Amino acid sequence: MSGAVAPMPGRLALFWRSFAENRGAVVGLAIMVVLIIISVLADVLALHSPIEQFRAHFLIPPIWQEGGVWAFPLGTDDVGRDMLSRLIYGARLSLIIGFSVASLALLTGTTLGLTAAFAGGVVDVFIMRLMDILLVFPSLLLAIVIVAILGPGLFNAMLAVVVVTLPGYTRLARASALSELARDYVTATRSAGASTLRLMFDVVLPNCAAPLIVQVSLGFAVAILDAAALGFLGLGAQPPTPEWGTMLSGALQFYQRAWWVLALPGLAILFTVLAFNLVGDGLRDALDPKLKR
Amino acid sequence: MTILMQAENIRRHYPVGGGLFGKKGIVKAVDGVSFTLREGETLAVVGESGCGKSTLARVATLIEPPSDGTLRIDDAVVADDAARSRMRLSVQMVFQNPFGSLNPRKTVGAILQEPLEINSRGDARAREAAARAMMDKVGLRQDQFGRYPHMFSGGQRQRIAIARALMLNPRIVVADEPVSALDVSIQAQVLNLMMDLQDELKLAYLFISHDLSVVRHIAREVMVMYCGRPVEHGPKDTIFAAPRHPYTQMLLAATPSIDPARRKQSVAIKGELPSPLNPPIGCAFASRCRHATDRCTAERPEPRPVAGHAVACHHAETVMQA
């Protein structure tokens, strides 16, 4: 040991060390970073507009196949739109969907859960039974019903996914808030005269953050998947929006002669959802002390 | 000495069970406790687990309202919720478990400044100065200001907890088993710190403990509780020298001692505490008492003065000789 005192590793360094132990999580994080870069630089990276139709080039295969053209590296779809450009813009759209749905659900769910935990009694029962009712229905069916009521469209589909994923956040926030509320530091702050709002958001919420962060990263994946599913059913983003699920449904009839119009958006969804799930698992391992060896 | 807090016949009952089919019951966690806290003095409340010590602490800290009885602080009756939140600041609490009583997401500095911030006392600079001064007072180093609780040992954490309790200049500190989670070697340090602070700030302590050697060290007055009721209450010296209630005698006999000369004949306490859901009509201790007579099981003894103590026993005069 040297004489110099080693600086205490910061929270961030400790967190990174236990996160990096999980190889899958690091791979997921790498895919996530690539996706974010792609979607930020979509305007620069894409060769064409995602909705421009090249009438001379219907269903061109990717370049490594016979008949491929360099102008369309991953081929074109049935109306002559560049697949690569559509996938790139689709990545941007998917991330926006994931981010807005997950953050809106987190915000609403956390507020509802904390309110239930702090208020107790009738309010608690009311909120939690409402969440139980939402949980009774299969999530995709419920989303379809909501979109059917609101009308198809990307925004309504996102709202539907928020409603469907809300119970998870609410229950998680309530459960962790209840266990924190029983601890002495909350009593100490309360006997110093703290208001309920302060107790909720300044004292209890930061201590419930770990499970909520994990839930958000997994919720990202669920949001992207559900929005794609709604798009596939024709209830989400409408053509010509380059949304991956919508692209799949439009290409369904060509699956025998043009595999790329179907396989590529499918693979894009697969890898994106996989990346977010891996990162979510890694975050849970790193943040949840109960799972630590 | 000025009287800071006066409790008369405090009761705290909890409804339990009920539900859809269950029968409703009432747990009498605290059932008629009176005490007086004076400036610069320590009242120790002792008793085994489940005797209502911690509930009494929560009532005295004004965290929970008593079901019955009056609580006076500085001669003003704590009557309603408004009065309770107004007077809450003059009573602060030190908790048993120093690992649960400090917010893990806040630094020591933030924890100490929080009570001032909530009550908007002083500006940011004044608050930091006050927090740093308090750290000096409880024996924490200045470079520990920005550290998180998980970087401290149990004894240091309890120092932080004491410092936090004192930030609002309370006159009464309720300490709920403040040293029972600590190593014996650290216990003395923390107790001595508490006693030094008491001398310096003229604090009144309501000191909850089950450890009689700790009580012997710090208290001036002792109240022994059994099943939610006080069984003996008096000055420390005479309680330890000449206990009048059979339960106090048994507790004292059960205290381990290194010095063989001070070891008393061990009197085994047999049996369990009676259920607080269904307390016996007579003396709660009768089922475990070797002096019990028919009168004990039939009639509940009320506290009465015996040799300077308040003793709740029908046979207080005779059990000494037995």
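Not measured: the values here are computed from a predicted model. Just so we're on the same page: letters track the sequence lines, and every chain starts at 1.
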Look at atom [atom1] of [X] and say whether more than 12 heavy atoms of other residues, nucleotides or ligands are closer to it than 6.0 Å.
X         : atom1 : answer
Arg12(B)  : CZ    : yes
Arg171(A) : CZ    : no
Arg125(B) : CZ    : no

Pair Arg105(B) + Glu180(A), salt bridge at N-O below 4.0 Å: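 No salt bridge links Arg105(B) with Glu180(A).
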
To the nearest 0.5 Å, what is the distance between CE on Met93(B) and CG on Asp184(A)?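 That separation rounds to 7.0 Å.
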
Can you find a side-chain donor-acceptor pair between Asn103(B) and Asn207(A) that sits under 3.5 Å?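 Asn207(A) and Asn103(B) do have a side-chain donor-acceptor pair below 3.5 Å.
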
Glu114(B) vs Thr189(A), test: side chain to side chain contact (heavy atoms under 4.5 Å, CB included). Steps then yes/no. CA-CA 8 Å; Glu114(B) 189 179 48; Thr189(A) 315; 3.5 Å; yes

Pair Lys106(B), Asp202(A) - check side chain to side chain contact (heavy atoms under 4.5 Å, CB included), show working. CA-CA 10 Å; Lys106(B) 293 201 169 177; Asp202(A) 187 54; 2.7 Å; yes

Under 4.5 Å from any heavy atom of chain B - which part of Arg190(A): both

With only heavy atoms counted, which part of Val186(A) is less than 4.5 Å from chain B, the side chain, the backbone, both or neither? neither

Relative to chain A, which segment of Leu102(B) carries a heavy atom at a distance below 4.5 Å: side chain, backbone, both, or neither?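 Backbone of Leu102(B) only, per the 4.5 Å heavy-atom cut-off to chain A.
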
Identify the heavy atoms of [X] and [Y] that sit nearest to each other, and give their distance.
X         : Y         : result
Arg183(A) : Gly100(B) : NH2-CA, 3.9 Å
Ser191(A) : Ile63(B)  : CB-CG1, 4.5 Å
Ser101(B) : Tyr185(A) : O-CB, 3.2 Å
Ala192(A) : Leu89(B)  : O-CD2, 3.4 Å

Considering only residues two or more places apart or on different chains, which pairs with a residue in residues 198-226 of chain A satisfy ring pair (Phe, Tyr, Trp, His ring centres under 6.0 Å)?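 Passing the test, one end in residues 198-226 of chain A: Phe220(A)-Phe276(A).
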
